[in-house]
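Below is one structure, written out as structure tokens, with a few remarks after it.
Positions are given from 1, in the same order as the sequence printed here.
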Amino acid sequence: MRLSPRLPRLCAVLTATALVAATAPAASALSRSTATGSALARSTATGSALARSAATGGQPYASYWYPDTILGWDPATDPDARFNRSRVPLRPRTSSPRLKANANARAGEGRVASLVSFAPTSGNPSQGSLTADYYAFTYWQYVDTLVFWGGSAGEGLILAPNPTVIDAAHRNGVKVYGTVFFPPTVYGGRIEWVRDFVKKSGSTYPVADKLVEVARHYGFDGWFVNQETAGGDAALATELRSLITYARGKGPTEFMWYDAMTEDGSISWQDGLTPANDAFFADPDRVADSMFLDFGWSAGRQRASRERARSLGRDEHDLFAGIDTEAAGYDTAVPWEAVFPSGRPHVTSLGIYRPEWTWKSASGPADFRARDSRFWVGANADPSNTSTSSPWKGLAHYIAESSPVTAKPFVTGFNTGHGDFYNVGGARVRDGGWNNLSVQDVPPTYRWIVESAGSRLTPSIDYGDAYEGGSSLRLTGRLDAVNTVRLYQTRLPVAAGTRLSVVLKTPQAGATHLKAAVAFADAPTTFTTFDLGATGGTGWERRTLDLSAHAGRTIAQLALRVTGSADAYDIRVGQLAVYDGAIDEVAAPSGLTVLGATDVSPTRKALRLSWTGAGRPHHYDVYRRDPDGSRTYLGATPNDAYFVPALDRAGAETTTTIEVEAVGAEYGRSTPATATVTW
């Protein structure tokens with residue numbers, strides 16, 4: 001990406017340390033400007049860091065390549081490939097105009113593409129890691145496409161997303177793209193790399209075939225192509241367009257083109273759709289599915305881009321006007337009216353470069369969550385009220401939220417995919433930090449809308465207790481009036497056997513003052529409530545409610561209603577579920593195998609595991625059996641392979657039993673498959 005006003009600072013940052021490689025502010029997440037693709041650097045970028053994975057129990061990483069090295073990639077011989085597969089299909093979403101939170105927001109018009117660098121190109125673990133310090137994004141309802149950002153001259157130019165991000169995004173109905181990045185020559189770019197990329201074999205483009213193969217095998221949706229290397233010509237630009245058209249013709253793989261290279265082959269950012277770059281976007285070839293416009297756009301340039309898109313037979317919302325939030329986050333100056341004018345149709349869509357500023361700039365976990373809320377929802381932490389003196393009102397002010405809660409069963413434990421412990425069924429099975437977006441639940445659609453004639457309770461995602469995972473929903477505050485906490489927009493049909501289940505916890509036994517609230521599509525703003533009664537103790541308790549009286553209707557909203565009075569109300573909700581009939585039995589996995597083990601220390605091993613699944617469970621939980629008969633949680637994945645970064649020896653044990661059990665979509669659990677590790 002062109003960030004010319006900051007180049008002097010960039011050069012200092014880039015030469016200071018190689019560790020900030022793909023995350024330093026630069027033209028397209030540039031990495032080491034002094035590492036220009038040496039033989040040593042290239043030898044480690046031939047598919048999932050094979051050199052580091054030579055030990056059979058080593059850490060697998062997301063795959064990255066150069067154009068010539070991707071040609072040698074074969075999932076059958078890449079030991080990391082099976083750990084990089086997503087098993088979660090892209091979910092359909094719903095967005096009801098009657099249920100949008102903000103009166104100014106619009107649905108079905110402008111969309112949001114989010115370009116995120118989770119880690120340096122060569123440093124993206126395949127299946128999470130043992131730290132809670134991670135960009136665990138939870139505002140998917142405002143995003144349509146996430147670009148897994150990276151690529152550098154010194155590591156690799158082509159970066160595939162890791163499966164944890166794909167799993168979480170797809171579970172929320174968000175598409176995921178990998179990145180193809182050709183850096184400027186000042187940052188190590190070589191025009192030979194671009195020519196390698198488009199090199200033909202007869203009538204085929206071998207690199208394009210590999211891009212399609214990678215996307216299909218790993219289960220993501222497309223590629224963001226960022227060509228900023230100078231030295232090209234019109235013939236090279238034509239070949240790039242032909243390659244994209246060829247790749248799109250191979251299957252469902254999508255492409256987003258970045259506004260840098262023009263039709264004559266030069267690097268000349270247009271800040272809009274113009275005669276110089278529209279051949280990458282025009283019908284009938286429809287070369288790119290979308291285009292990311294560079295940051296220097298204006299209202300006039302946006303309107304001209306819209307009109308040009310229409311003249312080409314394209315939807316103007318396939319143009320994403322880029323904003324660069326890497327350095328200043330919600331203090332970034334953005335001409336919002338130029339893209340999302342008040343009271344009028346959106347002119348184009350919005351592309352957000354590096355929104356993970358909310359995480360990177362934060363002083364700690366609470367600060368990250370506060371910054372992320374302000375970035376996406378606004379200063380009031382209420383998408384229905386985005387009034388503020390700040391020019392940054394939050395994306396909720398412009399974009400009506402979408403929800404993937406469109407089919408049963410729907411289960412959430414309000415798990416955000418990271419935390420400082422892990423609970424299963426309310427019991428602590430692991431202490432210590434972790435991140436794994438593969439087990440992130442669908443976050444609430446509305447964060448937060450509380451309707452009350454008196455004091456408003458404060459909802460929050462609480463990281464101090466959980467029923468499943470590392471967090472739960474908590475409601476606190478002074479209760480002096482009825483409070484309705486809207487949580488999820490849904491499209492869930494009710495059948496004769498449909499059940500609504502709520503798991504809750506109170507600080508002491510007694511009245512919960514809590515009701516489950518359901519609104520149906522025929523009256524989507526009117527709630528029918530179900531009293532959850534009193535608790536008998538201070539542990540987690542389940543309430544299962546029969547919705548069969550409403551068979552034939554469709555649930556449009558799920559909420560909670562609190563009534564009564566309390567000076568210091570406090571309740572946690574650990575699970576909310578809608579399903580049919582009894583909890584389904586879950587088929588057990590089989591053939592659990594230790595593919596390899598690495599001795600991290602005399603008392604710690606890292607393991608690569610695989611097994612054979614049955615059916616399609618929500619995920620598999622991985623445990624070790626402790627000497628006292630209890631179990632310690634090691635991790636989870638929807639995949640049929642998992643990397644265990646730390647198996648610790650208990651005392652003088654000579655063997656350790658590993659167990660893998662399937663967890664169904666309704667959170668029933670199978671019997672475990674077992675394997676033994678010898679110390």
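Counting only residues at least two apart or in different chains, side chain to side chain donor-acceptor pair (under 3.5 Å) contacts with residues 104-113 comprise Asn104-His397, Arg106-Glu109, Arg111-Asp318. Legend: salt bridge (charged side-chain N to carboxylate O under 4.0 Å, His left out) pairs involving residues 396-405, not counting sequence neighbours: none detected. Pairs engaging residues 387-396 under the side chain to side chain donor-acceptor pair (under 3.5 Å) rule: Asn385-Ser387 [sequence neighbours left out]. Residue pairs that meet the salt bridge (charged side-chain N to carboxylate O under 4.0 Å, His left out) test with at least one member in residues 511-523, sequence neighbours left out, are Asp522-Arg553.
Between Phe368 and His418, the ring planes lie perpendicular to each other; the angle is over 60°, past the 30° to 60° tilted range.
Remark: Arg301 does not engage Asp294 in a salt bridge, criterion side-chain N to carboxylate O under 4.0 Å. The residues Asp462 and Arg474 are annotated as salt-bridged, a charged nitrogen and a carboxylate oxygen being separated by less than 4.0 angstrom.
A donor-acceptor contact under 3.5 angstrom links the side chains of Arg486 and Gln557, judged on distance only. When only modelled atom types and interatomic distance are considered, Arg354 and Thr325 share no side-chain donor-acceptor pair under 3.5 Å. Gln141 and Thr445 share no donor-acceptor pair across their side chains, judged by distance under 3.5 Å alone. At a cut-off of 3.5 Å, with distance as the only test, a side-chain donor of Thr164 or Asn162 sits close to an acceptor on the other residue.
Among residues two or more places apart in sequence or in another chain, the ring-ring contact (aromatic ring centres under 6.0 Å, His included) test is passed with His170 by none. Contacts of Trp297 classified as ring-ring contact (aromatic ring centres under 6.0 Å, His included), with partners at least two apart in sequence or in another chain: none. Among residues two or more places apart in sequence or in another chain, the ring-ring contact (aromatic ring centres under 6.0 Å, His included) test is passed with Phe527 by none. By the ring-ring contact (aromatic ring centres under 6.0 Å, His included) test, Trp540 is found to be paired with Tyr467, residues two or more places apart in sequence or in another chain being considered. In this structure, the salt bridge (Lys or Arg N to Asp or Glu O under 4.0 Å) partners of Asp289, at least two apart in sequence or on a different chain, are Arg248. The salt bridge (Lys or Arg N to Asp or Glu O under 4.0 Å) check on Glu468 picks up Arg669, with sequence neighbours excluded. Every residue two or more places apart in sequence or in another chain that forms a salt bridge (Lys or Arg N to Asp or Glu O under 4.0 Å) with Lys408 is listed here: Asp580. Judged as a salt bridge (Lys or Arg N to Asp or Glu O under 4.0 Å), and not counting sequence neighbours, the contacts of Arg310 are Glu307, Glu316.
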Step by step, work out the side chain to side chain donor-acceptor pair (under 3.5 Å) result for Asp167 and Ser86.
CA-CA 6 Å; Asp167 291 344; Ser86 171; 2.5 Å; yes
